[in-house]
Amino acid sequence: MWAHHGAPLVRSTSIQEVKSSGLATISRWNPLKYDSAPLRIHDPSFVHFKSYSHSPLRFLFDSIRYIKVHLPTNCRTLSPITSSDITTSPHKNNITMGGNGNGSNGNGFSVDSGTEVQTDFITLTRFLTEEQARLHEHATGDFTLLCHALQLSFKTIAYFIRRASLRNLMGLAGSTNDSGDSQKKLDVIGNDIFINAMKGCGKVKFVVSEEEEELITFPGDGKYAVVCDPIDGSSNLDAGVSVGTIFGIFKLADGASKAEDICLPGTEMVASGFTMYGASANLVLTMKGGAVNGFTLDTALGEFILTHPDMRIPHSRSIYSVNEGNSLYWTEPVRKYFDSIKYPEGPDAKPYSARYIGSMVADAYRTLCYGGLFAYPADKKSPKGKLRILYECAPMAMVMENAGGMAITDSGSRMLEVVPEKIHDRSGIYMGSKGEIEKVLKVFNEYQK
Ligand code: FDP
């Protein structure tokens, strides 16, 4: 949408007329004006009156909402900017465009910080460089280079996912992976992108990928092993549901040469995280014992920007996320726990809300932001669980713990301490808010007495 000063305006006297003209003069219905200039809206998707034909009031409300969100910056960028429009904030290094300095547009309409142009922001590149300097005085820069390669793979995968429908990348590739899962075209592409990025950085010796049966070994003297699920949640791809990449990074012991050498507990990871390719591409990154930081890909700049510093998961929240379709196969303690939150006892007790996307990255991201619990329990059908220890459970467990949450197995032990016997081993998992996982443990403990 853009607002144009001085454009010929359609003076509409009724919503019906506006509907037929296809253009709107918002100033007629809306007391909001900016610089006293009436506005003409040119966004065809917004002014698609057919969708409002039965609901003129909805159009009115939407137009107010739309203007509230977009007006200040859009309007100003099309007007000549004078020096009186610009004030600088000495502390934030930001430039404020127009307005009267109190968050209002001068018409008493409060606008949010959309008027501020941030000129000092933290990109992932800057974040990594600063972390390297801060934490590791004698760092070689290898880890930072590896993270840059990761970043490249995330951006590239995000790029292809965005264009999947346009470039015929939907659907099956015609192959299966080690687990017998049918591979999607994007599974194969994501896997290739990831592996090539790791190879290209020259700092990685091993890659374990969900899509590759064997350990991948690169020549050279790379000190790191990277474990990954390049496109997690891929069974949802064709429906446009958010998917993501999960990763963990291990520093290798001298002489590490075979798959068993990276069958390590999650406590040995130096970093982990995941990206979620959804409405935007979000990257969640944490380092051993450090904070959890969230970045959002600005596609215009081509940079991940630190948008969610020091993410903390709420202590508790009555949301559960599990595939209830498997409940027939659940063991008694699992059923008991879920019954306890669905049919709580007590006069004021309220049942939990259910939220299950079926794409772990998306369910985990929501859980991280809102709190609650995500679970994929082992059951009678899959006694070892479904999710992979090395590249799904452990990286997510580290994120949850570093954000103040918890992650446990079906036996109630700490997920991060589980040592897989083979690189593709699986486990049941419960992760999320500390207060919620403690409730799971309480039920499990009763069965172990
Ligand atoms: P997917 O098979 O689509 O890649 O990792 C596997 C995973 O998705 C997780 O992302 C998701 O949480 C889970 O499987 C979904 O499994 P169900 O379809 O059995 O619920």
Side-chain angles (χ1 to χ4, degrees), residues 157 160-161 164 169-173 175-191 193-194 208-213 227-248 266 272-278 282 284 319-331 334 338 354-368 372-397 399-400 407 409-410 415 418 420 423-432:
I157 294 172
F160 281 106
I161 287 177
L169 300 178
M170 297 298 207
L172 297 175
S175 47
T176 52
N177 64 15
D178 167 46
S179 333
D181 301 332
S182 296
Q183 287 179 307
K184 302 267 180 174
K185 288 181 197 168
L186 276 166
D187 275 328
V188 176
I189 292 168
N191 186 49
I193 290 169
F194 196 92
V208 174
S209 164
E210 171 164 41
E211 304 305 331
E212 302 281 342
E213 184 172 355
V227 294
C228 74
D229 182 353
I231 304 200
D232 177 72
S234 58
S235 57
N236 298 293
L237 265 172
D238 296 355
V241 173
S242 299
V243 295
T245 304
I246 310 176
F247 63 93
S272 82
F274 63 94
T275 48
M276 184 183 71
Y277 312 110
N282 296 89
V284 174
I319 300 175
Y320 74 100
S321 184
V322 69
N323 184 344
E324 295 245 25
N326 293 331
S327 56
L328 180 67
Y329 310 111
W330 285 348
T331 59
V334 177
F338 284 108
R355 297 281 185 276
Y356 187 69
I357 298 168
S359 174
M360 191 199 200
V361 285
D363 283 314
Y365 192 73
R366 185 204 52 250
T367 305
L368 188 59
L373 155 136
F374 168 85
Y376 207 111
D379 58 32
K380 291 170 193 159
K381 186 169 54 108
S382 312
K384 288 191 166 173
K386 174 174 182 183
L387 303 180
R388 313 310 182 114
I389 297 168
L390 258 186
Y391 45 82
E392 291 182 314
C393 299
M396 285 297 184
V399 167
M400 291 294 166
T409 67
D410 298 281
M415 189 72 243
V418 175
I423 54 176
H424 294 295
D425 274 1
R426 304 164 191 260
S427 169
I429 186 168
Y430 298 76
M431 64 184 194

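Order of listing sets the numbers, starting from 1, for every ligand and every atom in it. In what follows, residues are counted from 1 in the order of the sequence shown. What you are looking at is a predicted structure, and each value in this text was computed from that prediction instead of being measured.
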Please evaluate residues Asp410 and Thr331 with respect to the criterion side-chain contact (heavy atoms from CB on, under 4.5 Å), reporting the C-alpha separation (whole Å), side-chain torsions for both, the decisive distance (0.1 Å), and the verdict. CA-CA 10 Å; Asp410 298 281; Thr331 59; over 6 Å; no

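Judged by distance alone, with hydrogens and angles left aside, the side-chain atoms of Asn236 form a donor-acceptor pair with the main-chain N or O of Gly358 at under 3.5 Å. A donor-acceptor pair is defined here as one N or O able to donate and one able to accept, closer than 3.5 Å; no such pair exists between the side chain of His424 and the backbone of Leu390.
Environment of OH in Tyr356: crowded, with over 12 heavy atoms of neighbouring residues, nucleotides or ligands closer than 6.0 Å.
Below 3.5 Å of separation, one finds no N or O of Phe374 facing any N or O of ligand 1.
At a 4.0 Å heavy-atom cut-off, ligand 1 does not touch Asp363 at all. With a 4.0 Å heavy-atom cut-off, ligand 1 is reached by the backbone of Ser235 and by its side chain too.
When only non-hydrogen protein atoms are considered, atom 19 (O) of ligand 1 lies nearest to Tyr376 OH, 2.6 Å. Nearest protein neighbour of atom 4 (O) of ligand 1, counting heavy atoms only, is Gly233 N, 2.9 Å. Given atom 11 (C) of ligand 1, the protein heavy atom at minimum distance is Gly358 O, 3.4 Å.
Residue Asn323 has at least one heavy-atom neighbour below 4.0 Å for each of these atoms of ligand 1: 17 (P), 19 (O), 20 (O). For ligand 1, the atoms sitting less than 4.0 Å from at least one non-hydrogen atom of Leu387 are 5 (O), 6 (C), numbered in the order shown with element in parentheses. Residue Tyr356 has at least one heavy-atom neighbour below 4.0 Å for each of these atoms of ligand 1: 15 (C), 16 (O), 17 (P), 20 (O).
Between Phe274 and Tyr365, the two ring planes are perpendicular [angle over 60°; tilted spans 30° to 60°].
Donor-acceptor pairing under 3.5 Å is lacking for the side chains of Asp232 and Tyr391. With 3.5 Å as the limit, one finds a donor-acceptor pair spanning the side chains of Arg366 and Ser321.
Of the candidates Glu392, Lys386, Met360, Lys386 brings a heavy atom nearest to atom 14 (O) of ligand 1.
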